[in-house]
Amino acid sequence: QVQLVESGGGLVQAGDSLRLSCAASGRIFSNYAMAWFRQAPGKEREFVADIRTGGSTYYSASLKGRFTISRDNAKNMVNLQMNSLKPEDTAVYYCAARFGSPIVAEIQSYAYWGQGTQVTVSS
């Protein structure tokens with residue numbers, strides 16, 4: 001089992017930056033690829049970014065350049081730096097862990113999920 005707890009969400013204005021964090025506990029964190037997804041009201045959950053155990057990253061094409069995913073294996077943490085936020089970035093952001101599946105960005109590839117943290121961007 002892997003337990004994931006997100007933090008760092010909040011209410012910000014358009015153009016602001018926000019840094020989300022996800023603390024992991026349980027099995028060996030460094031063995032898992034980690035990702036962020038988000039879900040806006042009335043919409044399906046969508047992929048944001050993924051970071052592999054070795055540190056290579058993969059982003060949603062629409063978000064690359066504004067969002068940066070990183071991980072600290074010593075602290076069992078994965079972070080998401082979000083810059084130039086827009087009202088359409090408003091969503092609940094979820095941290096997820098992937099082990100064994102080579103398929104990135106697909107929800108079914110991620111076995112463990114956090115409870116989510118709300119990000120609201122006002123115009």
Side-chain angles (χ1 to χ4, degrees):
Q1 279 290 86
V2 175
Q3 292 79 42
L4 304 173
V5 179
E6 302 94 338
S7 62
L11 173 63
V12 297
Q13 293 186 335
D16 285 352
S17 297
L18 202 60
R19 184 178 178 87
L20 304 183
S21 295
C22 173
S25 61
R27 296 194 174 181
I28 301 173
F29 174 77
S30 60
N31 288 347
Y32 288 79
M34 302 297 297
W36 289 93
F37 285 75
R38 69 183 185 181
Q39 188 165 17
K43 295 187 177 181
E44 294 186 351
R45 193 168 298 190
E46 66 170 344
F47 172 76
V48 174
D50 180 282
I51 185 165
R52 295 179 175 85
T53 56
S56 58
T57 56
Y58 180 74
Y59 293 92
S60 166
S62 64
L63 298 175
K64 189 175 183 179
R66 293 196 298 123
F67 289 16
T68 302
I69 189 171
S70 61
R71 66 187 295 161
D72 185 337
N73 289 337
K75 296 182 178 179
N76 287 2
M77 297 283 291
V78 60
N79 302 303
L80 184 69
Q81 178 67 39
M82 305 185 294
N83 298 327
S84 303
L85 283 163
K86 305 174 181 180
E88 50 264 43
D89 294 320
T90 295
V92 177
Y93 283 72
Y94 297 91
C95 176
R98 172 171 62 90
F99 180 79
S101 172
I103 302 173
V104 178
E106 296 293 329
I107 289 175
Q108 57 266 31
S109 294
Y110 299 85
Y112 302 103
W113 293 83
Q115 294 298 309
T117 185
Q118 176 71 47
V119 173
T120 303
V121 184
S122 64
S123 57

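Given the structure is predicted, the values throughout are model-derived calculations rather than measurements.
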**Request:** Start with the C-alpha distance between Thr53 and Ser30, add both sets of side-chain angles, then the distance that settles side-chain contact (heavy atoms from CB on, under 4.5 Å), and finish with yes or no.
**Result:** CA-CA 6 Å; Thr53 56; Ser30 60; over 6 Å; no
**Message:** For a side-chain contact (heavy atoms from CB on, under 4.5 Å) check, start with the C-alpha distance between Val92 and Thr117, then their side-chain angles and the critical distance, and finish with the verdict.
**Reply:** CA-CA 5 Å; Val92 177; Thr117 185; over 6 Å; no
**Item:** side chain to side chain donor-acceptor pair (under 3.5 Å) assessment of Asp50 paired with Tyr110
**Value:** CA-CA 11 Å; Asp50 180 282; Tyr110 299 85; 2.6 Å; yes
**Message:** Determine whether Leu63 and Met82 satisfy the following criterion, side-chain contact (heavy atoms from CB on, under 4.5 Å), listing intermediate values before the conclusion.
**Reply:** CA-CA 9 Å; Leu63 298 175; Met82 305 185 294; over 6 Å; no
**Request:** Under the side-chain contact (heavy atoms from CB on, under 4.5 Å) rule, what do Phe99 and Asn31 come out as? Steps first, then yes or no, please.
**Result:** CA-CA 7 Å; Phe99 180 79; Asn31 288 347; 4.1 Å; yes
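With rounding to the nearest 0.5 angstrom, the CZ atom of Arg66 is 7.0 Å from the OG atom of Ser84.
Residues in residues 8-18 take part in these side chain to side chain donor-acceptor pair (under 3.5 Å) pairs, two or more places apart or across chains: Ser17-Asn83.
Counting heavy atoms from C-beta on, the side chains of Leu18 and Leu85 come closer than 4.5 Å. When side chains are defined from C-beta on, Arg71 does not count as touching Cys22, because their heavy atoms never get closer than 4.5 Å. Taking 4.5 Å as the limit, every side-chain heavy atom of Gln115 sits out of range of all side-chain heavy atoms of Val5. A 4.5 Å side-chain heavy-atom check between Met34 and Arg52 finds every atom pair outside the cut-off. Looking at heavy atoms from C-beta onward, Thr68 lies in side-chain contact with Tyr59 at the 4.5 angstrom threshold. Taking 4.5 Å as the limit, every side-chain heavy atom of Val12 sits out of range of all side-chain heavy atoms of Thr120. Residues Val104 and Arg98 have side chains in contact (heavy-atom distance under 4.5 Å, counting atoms from C-beta outward).
Residues Tyr32 and Phe47 are members of separate hydrophobic clusters, defined by side-chain heavy-atom contacts under 4.5 angstrom among Ile, Leu, Val, Met, Phe, Trp and Tyr. Connection of Leu20 to Ile69 is established within a shared hydrophobic cluster, with ILVMFWY side chains joined at heavy-atom distances below 4.5 Å, either directly or through further cluster members.
Residues that satisfy the side chain to side chain contact (heavy atoms under 4.5 Å, CB included) test with Ala14, not counting sequence neighbours, are Pro87, Val121.
Summarising the geometry of Val78 relative to Cys95, their closest heavy-atom pair is CG1-SG, 3.7 Å, with the distance given to 0.1 Å. Annotation for Asp72 and Phe29: closest pair O-CE2, 4.0 Å, computed over non-hydrogen atoms. Residues Val119 and Gly9 share a closest heavy-atom pair of CG2-CA, 4.1 Å. Across Gly114 and Glu6, no two heavy atoms sit closer than the pair CA-OE2, 3.2 Å.
Side-chain N or O atoms of Gln118 include none that pairs as donor or acceptor with a backbone N or O of Gly10 at under 3.5 Å. Formation of a donor-acceptor pair under 3.5 Å by the Ser109 side chain with backbone atoms of Ile103 is found in this model.
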Extract all donor-acceptor atom pairs below 3.5 Å that involve side chains of residues 35-43 and protein atoms in other chains or at least two apart in sequence.
unit_1	atom_1	unit_2	atom_2	d
Arg38	NE	Glu46	OE2	2.6
Arg38	NH1	Asp89	OD1	2.9
Arg38	NH1	Tyr93	OH	3.0
Arg38	NH2	Glu46	OE2	3.1
Gln39	OE1	Arg45	NE	3.3
Gln39	OE1	Arg45	NH2	3.4
Gln39	NE2	Lys43	O	3.1

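With a 6.0 Å radius and a threshold of 12 heavy atoms from other residues, nucleotides or ligands, Ile107 has its CD1 atom above the threshold. Around the OH atom of Tyr112, the shell of radius 6.0 Å holds more than 12 heavy atoms that belong to other residues, nucleotides or ligands.
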